[in-house]
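Accompanying notes for the structure given below.
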Amino acid sequence: MEKVHETNFIREIIDEHLKTDRFGGRVHTRFPPEPNGYLHIGHAKAICISFGIAKDYNGLCNLRMDDTNPEKEEQEYVDSIIEDVRWLGFDWEDRIFYASDYFEKIYEYAVELIRKGKAYVCDLDGDQVREYRGTLTRAGKNSPHRDRSVEENLDLFKRMRNGEFPDASHTLRAKIDMASPHIIMRDPVLYRIKREHHHRTLDKWCIYPMYDFAHCISDSIEGITHSICTLEFENNRPLYDWILDALGAYHPQQIEFARLNLSHTVLSKRKLLQLVQEKLVEGWDDPRMPTLSGFRRRGYTPSAIRNFCDEIGVSKMDSIIEIAVLENSIREELNKKAPRAMAVLRPLKVVITNYPEGKAEELDAINNPEDPSAGTRKVPFGRELYIEREDFKEVPPPKFYRLSPGREVRLRYAYFVKCTEIVKDPKTGEVTEVRCVYDPATRGGDSPDGRKVKATLHWVSAAHAHNAEVRLYDLLFSKRDPDEAPEGLDFRANINLKSLEVLGDCKLEPLLSNVPAGSRYQFERLGYFYLDPVSLKAGKRVFNRIVTLKDEWARLASKEALKKT
Ligand code: ATP
Ligand code: MG
């Protein structure tokens with residue numbers, strides 16, 4: 001069922017435009033990433049807003065590569081963006097565009113501005129331009145080249161294009177107002193000379209338009225109605241409007257919203273690139289990365305990410321969203337959908353001494369208590385089993401109710417077992433095996449005499465276990481704000497050194513030996529796991545932990561609280 005979105009300030013603006021017929025009833029948005037990195041969860045918010053609004057208003061949304069800055073852009077990034085937006089579940093049909101395809105048109109618009117006396121070629125270098133610009137409290141000074149004739153400007157601009165001048169020696173600037181209270185309006189640079197290979201236009205151009213010039217023209221060319229972007233562009237809006245007005249071109253409405261900030265996460269492409277280049281993570285799709293490819297590899301679903309974006313809403317107020325909100329959104333979804341299975345991550349052998357040797361039986365287990373239609377399955381049981389090492393303590397601390405010498409517990413869906421003996425490694429003293437007796441009358445996990453046990457453990461039959469690797473992922477940064485680093489250090493100092501734990505000897509319920517790549521399961525008591533397709537392609541079965549279960553203690557505590565009321 002399609003979700004009905006709550007209104008927000010962007011939708012109110014659009015509703016107003018529909019009422020006043022400003023755009024002839026059309027709604028046409030775009031998502032314009034710069035292909036200089038992989039998309040992250042912040043981009044997901046922008047995608048959900050622009051594509052989501054288009055969908056809800058029966059409008060259109062374009063995907064546009066904002067590839068006007070050749071230094072940092074690459075085809076790899078273009079490909080990843082296409083893959084990620086599609087994975088998130090949005091469709092641009094045939095409307096994928098590249099700002100670089102407009103270079104010729106953008107150039108013509110620049111010529112037109114010159115013809116109108118609204119742009120000029122300036123010979124000041126970068127430092128001089130900055131110096132002439134003035135400050136918030138001091139007006140700028142006019143460039144000495146500001147009053148060149150139209151003919152001279154046309155000639156110089158053409159020669160800029162033809163490669164007659166060295167890099168950075170000339171710029172094309174808008175002729176606006178060097179005393180404007182908006183510093184962006186103090187004759188901003190529109191074009192610069194830069195001999196740089198472009199991933200699409202190759203070496204055709206040695207001049208490139210600046211973002212502010214290219215972006216509004218691209219929006220205008222595509223007939224965008226609402227150009228939705230993040231708040232840092234609010235300052236640029238007067239320039240966006242000035243350029244399109246000066247050209248008398250079709251004029252979209254720019255609307256800004258607050259970007260997503262997430263706790264324990266960095267969302268700057270520069271920093272993410274640094275993590276990848278310095279091999280602090282395994283790549284852009286490392287399951288600890290906040291990139292869409294990282295979340296995909298971790299096992300997140302597109303719908304969980306879309307629901308998260310819906311839930312956090314849209315506003316003009318900057319805020320930091322707790323990473324727990326995102327984790328809850330995948331947890332909630334998988335709690336409903338993911339089938340259950342048993343897996344032992346740090347195995348400890350259990351031998352049931354009164355269970356006949358060579359015997360095996362199949363016990364009924366519930367596939368999903370949240371979804372009765374998921375039915376039941378058979379789980380093999382035998383004399384030798386594995387339980388979680390931490391579910392046994394030779395000397396139980398207070399409030400430890402799980403297995404220990406003399407104590408009886410329930411094996412989920414199986415029997416009550418009681419620990420009678422332990423075997424230790426004579427050298428290290430480590431417990432290597434636990435011996436138990438079982439009560440055949442408790443088959444299925446219920447005691448006919450009403451006898452109670454305080455703990456239920458998960459287990460896997462040793463003879464049937466599927467061996468696999470499990471990777472436990474934790475937060476990549478241990479600080480809520482990773483940028484808060486000691487003097488002289490940066491966000492990298494806050495990397496959580498325990499963010500990945502690889503467990504190579506896990507014992508899984510046999511059904512997990514042939515589930516397909518991309519399967520998601522709840523491993524009882526342990527969390528939600530995903531069979532990593534990338535590792536599987538390389539011949540290795542690796543289950544990634546997507547997210548932990550809700551903290552067991554917190555859940556028990558809230559149950560207790562409920563009982564009391
Ligand atoms: P950089 O980190 O280099 O500034 P960027 O993350 O802004 O780059 P773009 O490719 O320019 O990258 O972003 C594409 C679109 O996504 C822009 O409209 C931008 O406003 C939006 N966007 C980027 N980061 C966020 C974020 N954290 N939350 C919401 N939207 C974002
Ligand atoms: Mg940006």
Side-chain angles (χ1 to χ4, degrees), residues 8 10 29-54 61-74 76-82 84-85 88 90 92 96-100 199 210-212 214-216 218-219 222 224 226-237 240 252-277 284 289-295 305-306 308-321 323 325-326 481-483 491:
N8 57 45
I10 299 178
T29 57
R30 86 288 172 265
F31 173 63
E34 182 179 355
N36 62 352
Y38 280 56
L39 297 181
H40 54 60
I41 186 78
H43 294 116
K45 174 175 177 178
I47 294 168
C48 287
I49 292 173
S50 282
F51 276 95
I53 281 179
C61 182
N62 297 352
L63 177 61
R64 182 198 312 146
M65 301 297 163
D66 191 2
D67 57 352
T68 55
N69 181 7
E71 289 125 276
K72 297 176 182 165
E73 295 161 4
E74 286 174 29
E76 177 194 349
Y77 299 138
V78 171
D79 296 341
S80 73
I81 289 167
I82 290 174
D84 290 347
V85 180
L88 248 198
F90 295 104
W92 51 89
I96 177 168
F97 300 112
Y98 294 82
S100 58
H199 73 109
M210 303 301 286
Y211 171 86
D212 284 312
H215 198 81
C216 58
S218 304
D219 281 349
E222 291 175 20
I224 299 303
H226 300 88
S227 177
I228 304 168
C229 60
T230 37
L231 277 182
E232 69 267 24
F233 295 105
E234 200 167 24
N235 284 330
N236 305 47
R237 176 153 32 103
Y240 184 105
Q253 174 71 51
Q254 177 176 303
I255 306 172
E256 310 86 11
F257 66 93
R259 63 195 294 128
L260 169 67
N261 301 302
L262 203 55
S263 77
H264 301 91
T265 309
V266 296
L267 290 183
S268 140
K269 279 198 235 173
R270 184 180 58 77
K271 290 176 192 159
L272 296 176
L273 180 65
Q274 207 174 355
L275 290 172
V276 173
Q277 283 180 337
W284 285 100
M289 287 282 271
T291 52
L292 294 183
S293 54
F295 284 118
I305 293 179
R306 290 195 307 264
F308 166 75
C309 292
D310 259 358
E311 191 175 325
I312 59 175
V314 188
S315 86
K316 280 221 173 234
M317 290 278 284
D318 270 313
S319 66
I320 299 174
I321 305 289
I323 186 99
V325 178
L326 179 61
D481 175 5
D483 286 320
F491 71 104

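Nothing fancy with the numbering, it's 1 onward along the sequence. We count ligands from 1, going down the list as the structure has it; atoms in each ligand are counted the same way.
In the vicinity of His40, heavy-atom distances shorter than 4.0 Å reach the ligand 1 atoms 6 (O), 24 (N), 27 (N). When each atom of ligand 1 is checked for a heavy atom of Glu34 under 4.0 Å away, the hits are 9 (P), 10 (O). Here is the list of ligand 1 atoms found below 4.0 Å of a heavy atom in Lys269: 2 (O), 5 (P), 6 (O), 8 (O), 9 (P), 10 (O), 12 (O). Near Ala46, with a cut-off below 4.0 Å to any heavy atom, the atoms of ligand 1 are 16 (O), 21 (C), 30 (N). Here is the list of ligand 1 atoms found below 4.0 Å of a heavy atom in Pro33: 10 (O), 14 (C).
Side-chain contact check for Arg30 versus Ser218: every heavy-atom pair is 4.5 Å or farther apart. Considering only heavy atoms from C-beta on, Trp284 comes within 4.5 Å of Leu272 through its side chain.
Close N/O approach between Arg259 and ligand 1 is found [any backbone or side-chain N/O within under 3.5 Å]. Annotation: His43 places an N or O atom under 3.5 Å from an N or O atom of ligand 1; distance criterion only. Taking any N or O of Leu260, backbone or side chain, at least one lies under 3.5 Å from an N or O belonging to ligand 1.
Note on Arg259 versus Glu232: salt bridge recorded, some NZ/NE/NH1/NH2 to OD/OE distance being below 4.0 Å. A salt bridge links Arg64 to Glu222: at least one charged side-chain nitrogen sits closer than 4.0 Å to a carboxylate oxygen. A salt bridge links Glu234 with Lys316: the closest approach of a Lys/Arg side-chain nitrogen to an acidic carboxylate oxygen falls below 4.0 angstrom.
Compare Pro290, Gly42, Ser227 by their heavy atoms: the one nearest to atom 29 (C) of ligand 1 is in Gly42. Proximity annotation for atom 19 (C) of ligand 1: of Leu39, Ile49, Thr230, Thr230 comes nearest, heavy atoms only.
Between His43 and Phe31, the angle of the ring planes goes over 60°, which puts this pair in the perpendicular group of the 30/60° scheme.
Side chains of Tyr211 and Asn236: no donor on one and acceptor on the other come within 3.5 Å.
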